[in-house]
Amino acid sequence: MNPDGNSHIRAYLEPFQTQDYKPFFSALDIRIAEVTLRKWAESLDPEQKFWAAWTFALAHRATRSGNIFVDLDQLESSDQSMQSPDPNPGFRESLQTQFKNDLNGNPESPIYWDAPQRIYVRKFFELESQLAREFFNLARSKSHNSGAPFAAPDDRLSVEQRRVVESVLSRKLTLLNGGPGTGKTSTTQQLLKAIFRKNSEARVSFLAPTGKAVARLQNSVGIPATEQGHQVSIQTIHRFLQETGSSGDYSLIPRFPTQPDYLVVDEVSMVDVSLMHKLLMALPSTCHILLMGDIHQLASVQPGAVFSDVFNSLNENSDCTLELTKNFRFERSSTVMELCQSIKSAEFERLKSHLFNDSPQVQFLDHENPDLVRSMDAWIEKTVLTALQLSNPSKALARAQSSMLLCALNKGKWGVEHFNSWIRNKCAQYFRNTTQTHFWMPIMVLENDYNLQLFNGDFGLLKQEVSDQPTYSEICYFEREDGSQLEVPATSLPRFQPAYATTIHKSQGSEADNVLIILPPEDSPLLTRELLYTAFSRTRDHLTVVGNLEGLKTCINRPTQRNSRLAERIEALFAEE
């Protein structure tokens with residue numbers, strides 16, 4: 001390929017949208033490459049422009065899949081269409097020449113080649129390097145906190161839980177891994193008491209990535225201490241960071257005005273490299289940090305697998321990682337717990353035996369089951385319809401959140417969009433046969449609105465009229481972290497979608513009594529062990545699974561693989577000591 005020297009960046013990438021290349025790049029890859037490189041690449045010759053455009057779009061494509069970088073070895077072995085994008089043979093040699101001569105040495109370049117086979121969007125190379133150093137320093141630092149000696153928490157805590165409390169009070173950084181029902185909540189309750197025994201004036205912040213996860217924290221931890229004059233807050237990470245600058249610009253102020261003494265972050269597996277870096281950079285140097293999560297759950301939607309990378313690397317090199325193994329939610333004989341354990345250990349035969357052990361906790365419905373539609377209708381009537389006809393919005397919201405319909409995919413016959421439309425029509429038909437004039441539609445907010453203090457993932461109820469062509473009423477109801485009700489005009493809402501059903505990814509940080517999981521009959525690279533574990537572990541009581549055994553077997557034998565060097569970089573820093 002030898003494009004004109006005056007061509008725009010887009011001209012170098014659009015040929016890869018043809019069927020000859022599958023097409024390889026998305027419109028977003030091309031647009032971001034064009035905007036990012038336009039000014040920087042002005043001084044490059046045509047050959048250099050081509051490689052700059054191609055490598056940046058390639059690296060951006062990798063980040064869309066959650067990877068920090070693109071691995072050329074993987075690319076050459078798995079994607080025949082891109083073996084010779086020039087299309088001259090030996091593209092790696094050509095790439096090496098360009099990066100050695102021009103592209104890598106310029107600190108203003110948005111591309112970074114980590115020889116011999118990794119290509120980064122430069123900001124992610126820098127984020128990964130900086131985050132590794134931050135965690136290394138935190139792991140090696142003891143607390144600078146002085147004051148009263150450690151006061152023993154509640155005697156009912158297990159030995160594992162007591163170690164967590166002691167670690168947070170004595171160390172700068174503690175990472176806590178634990179599955180559902182292992183007592184993370186009760187541990188944080190006792191931690192809060194122990195903190196105030198040690199320092200009654202301590203400032204404590206509890207954070208979570210989504211509104212649902214924050215609601216769980218609020219319900220479980222509560223803020224009774226604030227009534228006694230203690231300083232405690234529970235909020236989303238984004239809301240917490242928004243205090244540092246206007247319009248979500250977290251870089252304006254380097255330190256939080258509130259200067260928390262203790263920070264507890266739940267569901268850290270959902271936090272990506274960029275958000276984690278912003279959070280650590282904004283904290284005071286004296287802050288004690290507890291990061292809690294489950295390394296077996298899905299990684300963040302955005303690039304990286306921060307919690308599992310950091311936990312696994314520090315687990316080998318420091319004493320700041322702890323794990324809760326005793327389950328308090330389920331008995332040892334619990335079918336749900338057995339299913340989760342079999343997924344984590346990739347034991348398909350064990351999984352299959354517990355799906356068909358006639359447990360009242362679990363129901364499995366094959367795609368070919370002639371009673372499938374009738375069974376799903378019954379589930380919807382029992383869970384969704386009973387919640388959405390309640391007149392009190394607070395009660396309706398609580399009832400609606402006691403059940404979840406989770407899909408592996410967003411689009412298609414077995415995806416979220418289809419089931420949201422199907423259930424919406426079913427509700428409208430059902431309520432037209434009643435005397436009700438309105439019913440609730442559950443919605444999920446899809447973007448942050450700092451003015452309304454609504455954030456991506458927040459769950460609310462939008463009132464709708466019962467008619468042949470239903471319309472929205474003027475009000476949507478949400479609940480704040482403190483339990484107060486927020487009423488928002490429908491016309492003022494940020495972008496949202498119906499939430500009768502949601503993706504398994506977006507269910508992280510949530511749990512419900514009754515969970516229905518929809519898996520597609522066709523295979524997809526999205527169907528992984530972590531996806532299956534995350535879905536199954538959302539339930540507190542009853543689980544219904546729609547799928548097929550072959551699909552479950554594929555899932556359980558397909559662990560998530562993300563290109564990241566965070567763990568490797570942390571381990572290298574310890575090796576250099």
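Given the structure is predicted, the values throughout are model-derived calculations rather than measurements.
Distance alone, capped at 3.5 Å, is enough to place a donor-acceptor pair between the N177 side chain and the I295 backbone. For K278 (side chain) and H238 (main-chain N/O), no donor-acceptor pair under 3.5 Å exists by modelled atom type. At distances below 3.5 Å, not a single donor-acceptor pair connects side-chain atoms of S167 with backbone N or O atoms of R163. Remark: the backbone N or O of N67 is not paired with any side-chain donor or acceptor of S65 at under 3.5 angstrom. For Q297 (side chain) and Q508 (main-chain N/O), no donor-acceptor pair under 3.5 Å exists by modelled atom type. Proximity of a side-chain donor or acceptor of T502 to a complementary backbone N or O of A499 within less than 3.5 Å is not detected. The closest donor-acceptor contact from the side chain of N420 to the backbone of P498 lies under 3.5 Å. Between the side chain of R558 and the backbone N or O of L527, at least one donor-acceptor pair lies under 3.5 Å. The backbone N or O of R203 sits less than 3.5 Å from a side-chain atom of D261, completing a donor-acceptor pair. In this structure, T539 contributes its side chain and H542 its backbone to a donor-acceptor pair below 3.5 Å.
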Original post:
Stepwise, does the side-chain contact (heavy atoms from CB on, under 4.5 Å) test hold for L291 with L173?
Top reply: CA-CA 8 Å; L291 304 179; L173 175 69; 4.2 Å; yes
**OP:** Carefully, step by step, assess L397 and W440 under the rule side-chain contact (heavy atoms from CB on, under 4.5 Å).
**Re:** CA-CA 9 Å; L397 192 60; W440 301 109; over 6 Å; no
**OP:** Check the pair Q302, S274 against side-chain hydrogen bond (donor to acceptor under 3.5 Å, both in side chains), reporting the backbone distance first and the verdict last.
**Re:** CA-CA 9 Å; Q302 298 300 319; S274 180; over 6 Å; no
**OP:** Go through I517 and T544 one step at a time and tell me if the side-chain contact (heavy atoms from CB on, under 4.5 Å) criterion holds.
**Re:** CA-CA 6 Å; I517 299 169; T544 302; over 6 Å; no
Original post:
Yes or no on side-chain contact (heavy atoms from CB on, under 4.5 Å) for L454 and F496, after CA distance, side-chain angles and deciding distance?
Top reply: CA-CA 11 Å; L454 288 175; F496 68 89; over 6 Å; no
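The minimum heavy-atom distance linking L409 with T503 is given by the pair O-CG2, 4.2 Å. The two atoms that bring F478 and F459 nearest to each other are CD2-O, 3.4 Å, heavy atoms only. Contact detail for F135 and I570: the closest heavy-atom pair is CB-CD1, 4.1 Å. Listed here is the closest heavy atom pair of G66 and R562: O-CD, 3.3 Å. Between C476 and I443, the shortest heavy-atom contact is SG-CD1, 3.5 Å. Looking at every heavy atom in both residues, V336 comes nearest to D541 through CG2-O, 4.2 Å.
In this pair, Y533 and H296 present their aromatic rings perpendicular. The plane angle is above 60°, beyond the 30 to 60° band.
A donor and an acceptor atom, one from each side chain of T325 and E160, are located under 3.5 Å apart.
Between F124 and F69, the distance from one ring center to the other does not fall under 6.0 angstrom.
Remark: L324 CG to T187 OG1 distance equals 5.0 Å, nearest 0.5 Å. Atom OG1 of T36 sits about 7.5 Å away from atom NE2 of H60, to the nearest 0.5 Å. We find the CZ-SG distance between R140 and C320 to be 12.0 Å, quoted to the nearest 0.5 Å. Of the inter-residue distances, the one linking T383 atom OG1 with N514 atom CG reads 6.0 Å to the nearest 0.5 angstrom. The structure places CD of Q361 at 8.5 Å from CG of L543, a figure rounded to the nearest 0.5 Å. Rounded to the nearest 0.5 Å, atoms CZ (F125) and OH (Y112) are 4.0 Å apart.
A 4.5 Å side-chain heavy-atom check between V445 and L493 finds every atom pair outside the cut-off. A 4.5 Å side-chain heavy-atom check between N199 and I195 finds every atom pair outside the cut-off. Side-chain contact between I68 and N563 is absent, with no heavy atoms from C-beta onward closer than 4.5 Å. Residues V271 and S300 form no side-chain contact, since every pair of their non-hydrogen atoms from C-beta on lies 4.5 Å or further apart. With a 4.5 Å cut-off on side-chain heavy atoms, V515 and F536 do not count as touching. No side-chain heavy atom of M292 sits less than 4.5 Å from a side-chain heavy atom of V164. Residues E479 and Q401 fail the side-chain proximity criterion, which asks for heavy atoms closer than 4.5 Å. Between L263 and F240 there is a side-chain heavy-atom pair separated by less than 4.5 Å.
Exactly one residue among I504, V416, V545, L405 makes a side chain to side chain contact (heavy atoms under 4.5 Å, CB included) with I518. That residue is L405. Of the residues listed (R540, R399, R538), the one engaging D513 in a salt bridge (Lys or Arg N to Asp or Glu O under 4.0 Å) is R540, and it is the only one.
Checked against ring pair (Phe, Tyr, Trp, His ring centres under 6.0 Å), F419 has the following partners two or more places apart in sequence or in another chain: W422.
Applying the side-chain hydrogen bond (donor to acceptor under 3.5 Å, both in side chains) test to every pair with at least one member in residues 304-320, sequence neighbours left out, gives these pairs: R171-D319, D309-S564, N315-T321.
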